[in-house]
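Values reported hereafter were calculated over all heavy atoms of this structure, with side chains retained and with hydrogens, waters and symmetry mates removed. Whatever order the structure lists ligands and atoms in, that order sets their numbers, starting from 1. For reference, positions follow the sequence shown, starting with 1.
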Amino acid sequence: MSNPFPDPELGEPFLLTPGPLTTAYDVKQAMLRDWGSWDDDFRAMTRALRQRLLTLLGPGAERYDCVPIQGSGSYCVEAMLGSFVPKDGKVLVLANGAYGLRAAATLGYLGRGVHLLDKGDYLPPRGAEVAAILAADPAISHVLAIHCETSSGILNPVDEIAAATRAAGRKLLIDSMSAFGAVPLDPVALNCTAFVSSANKCIEGVPGFGFVIARKDEIRAAKGNSHSLALDIHAQWETMEKTGQWRFTPPTHTVAAFLKALDMQEAEGGSPGRLARYTENRNTVVAGLRDLGFETLLDDRWLSPIIVTFFCPADPAFSFQGFYDAMKRRGFIIYPGKLTVVDSFRIGCIGRMDAAIMRRVVTAAAEALDEMGVASAAPPAAALEERKKLAA
Ligand SMILES: *Cc1c(COP(=O)(O)O)cnc(C)c1O
């Protein structure tokens, strides 16, 4: 039946998810033609894609290069780890959620050494902890930080992690998948060897590739280090430099959509403009849902403008599935939570949505609670106990 809150352009539900996310009509429309992978037109598109991502970096960017890799974001994380961590290297993985743990698992597959600092569901890894671990374990060659850990939505303190890493003379790798393009990330200031992001997060493209932005000297030095043919960053870079082509079938339509998405990001004022919109989205949905009695997992200090975790209400009339279905009928796809201790759900703030849409999300949530007969959206006492750990 008709959707009471349709996307004005397509009648699709809004994806309140961290990617794939709601994209602009113009981005989708950019995919309505075919490109030959070795043709000059497509080679120019690949060149533009690489150059334009580097211009988002600011001063010092000439020391870095951009290497796109086919696949989802995890392919890029694996490419980065396999290409830059030597076979006898060891990585301190700073985990506070699923993506940190996935990176550690990836290193296990690659046979690289791992020192896992697992902070649980959402506690931030702090600079002092990193410094202590690095001082105690001289075998650690690299530190891997997750910029925004999308599992809980926490914005990790990459500045203090980078300072501790630099002070100990180790190399820094960053998974900025869900942050780059909106949350500031200055690889020069952070002295970062490489970081990764993907097409379908804050740049608001469609899925199909990710990209590694790495120091040129590190890319050159990575020759022959990768465990993988398809995920060898040096080999992909060398081919792109020589021929302008991707080594294997490129995601042509996704690249076309991404260039349109970059135009729109630039028109919005680049990363600062996008950050402002996402921040307003977050503030609107957090204030609105708190008014309804919902509580966020994280204190304001750690809330990212990317995705926010809310506790499920304690009221027995509430169920995640019931809430999900009621929100979907109103045109909004929400996201399940990923906490191990208490039930939660997540609301993404990224994608082509603004504060007016987020106000409709709040209205839809109020209606959904009514429909379910939920009297109070207050979380269970166990959730608030859990949250006290953050303050400790
Ligand atoms: C999305 C994301 C990834 C990659 O996930 P894919 O499903 O492979 O695209 C990695 N790290 C973080 C922090 C992410 O948000």
Side-chain angles (χ1 to χ4, degrees), residues 15-23 68-82 84 91 93-107 109-110 116-125 143-158 161 172-185 187 192 194-213 228 230-231 233 251 254 257-258 261 274 278 282 297-298 302-309 333 335-339 346-351:
L15 302 180
L16 304 174
T17 58
L21 37 65
T22 293
T23 57
I69 300 272
Q70 298 93 326
S72 82
S74 301
Y75 292 63
C76 278
V77 174
E78 185 161 336
M80 172 172 76
L81 295 172
F84 296 123
V91 183
V93 176
L94 306 175
N96 51 349
Y99 292 105
L101 295 177
R102 187 183 296 174
T106 304
L107 287 160
Y109 273 81
L110 305 185
L116 177 63
L117 175 66
D118 184 357
K119 300 286 295 186
D121 278 346
Y122 56 85
L123 296 176
V143 174
L144 176 77
I146 311 291
H147 193 183
C148 170
E149 175 47 83
T150 323
S151 321
S152 64
I154 191 171
L155 199 52
N156 280 319
V158 285
I161 293 165
L172 180 64
L173 305 170
I174 300 178
D175 171 353
S176 187
M177 208 69 69
S178 61
F180 181 69
V183 184
L185 180 72
C192 169
F195 74 90
V196 289
S197 187
S198 75
N200 60 285
K201 301 239 165 150
C202 294
I203 307 285
E204 300 186 0
V206 302
F209 71 90
F211 45 91
V212 181
I213 292 182
S228 163
L231 299 178
I233 290 172
T254 300
F258 190 76
R274 193 140 284 188
Y278 290 170
R282 180 204 58 200
L297 163 72
L298 301 173
W302 299 106
L303 282 183
S304 71
I306 305 299
I307 188 166
V308 180
T309 297
I333 303 281
Y335 209 50
K338 250 188 183 158
L339 304 181
R346 289 176 288 174
I347 301 285
C349 310
I350 64 179

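- Using a non-hydrogen distance threshold of 4.0 Å, Lys201 registers as a contact of ligand 1.
- Within the 4.5 Å cutoff, no side-chain heavy atoms of Ser178 are placed close to those of Ile307.
- Residue Ser72 has at least one nitrogen or oxygen atom sitting less than 3.5 Å from a nitrogen or oxygen atom of ligand 1, judged on distance alone.
- Near Gly73, meaning under 4.0 Å from any of its heavy atoms, are these atoms of ligand 1: 4 (C), 6 (P), 8 (O), 9 (O).
- Judged by the 6.0 Å distance and 45° axis criteria, Lys338 is not positioned over the aromatic ring of Tyr122.
- Using 4.0 Å as the threshold, Arg102 has a heavy atom nearer than that to some atom of ligand 1.
- The contact set between ligand 1 and Ser178, taken as ligand atoms under 4.0 Å from a residue heavy atom, comprises 15 (O).
- For Cys148, the heavy-atom gap to ligand 1 drops under 4.0 angstrom.
- Within the listing of ligand 1, atoms 12 (C), 13 (C), 14 (C), 15 (O) sit less than 4.0 angstrom from a heavy atom of Thr150.
- For Tyr75 and Phe209, the gap between ring centers reaches or exceeds 6.0 Å.
- What sits closest to atom 11 (N) of ligand 1 on the protein, heavy atoms only, is Asp175 OD2, 2.6 Å.
- Here the side chains of His147 and Leu185 are in contact, with some heavy-atom distance below 4.5 Å.
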Subject >> side chain to side chain contact (heavy atoms under 4.5 Å, CB included) between Cys202 and Tyr278, intermediate numbers included >> reply: CA-CA 9 Å; Cys202 294; Tyr278 290 170; 3.8 Å; yes

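- Residues Pro125 and Asn96 meet the side-chain proximity criterion, which asks for heavy atoms closer than 4.5 Å.
- The ligand atoms of ligand 1 that sit less than 4.0 angstrom from a heavy atom of Ser74 are 4 (C), 5 (O), 6 (P), 8 (O).
- Note that CG of Leu117 and CG of Leu144 are 12.0 Å apart. Values are rounded to the nearest 0.5 Å.
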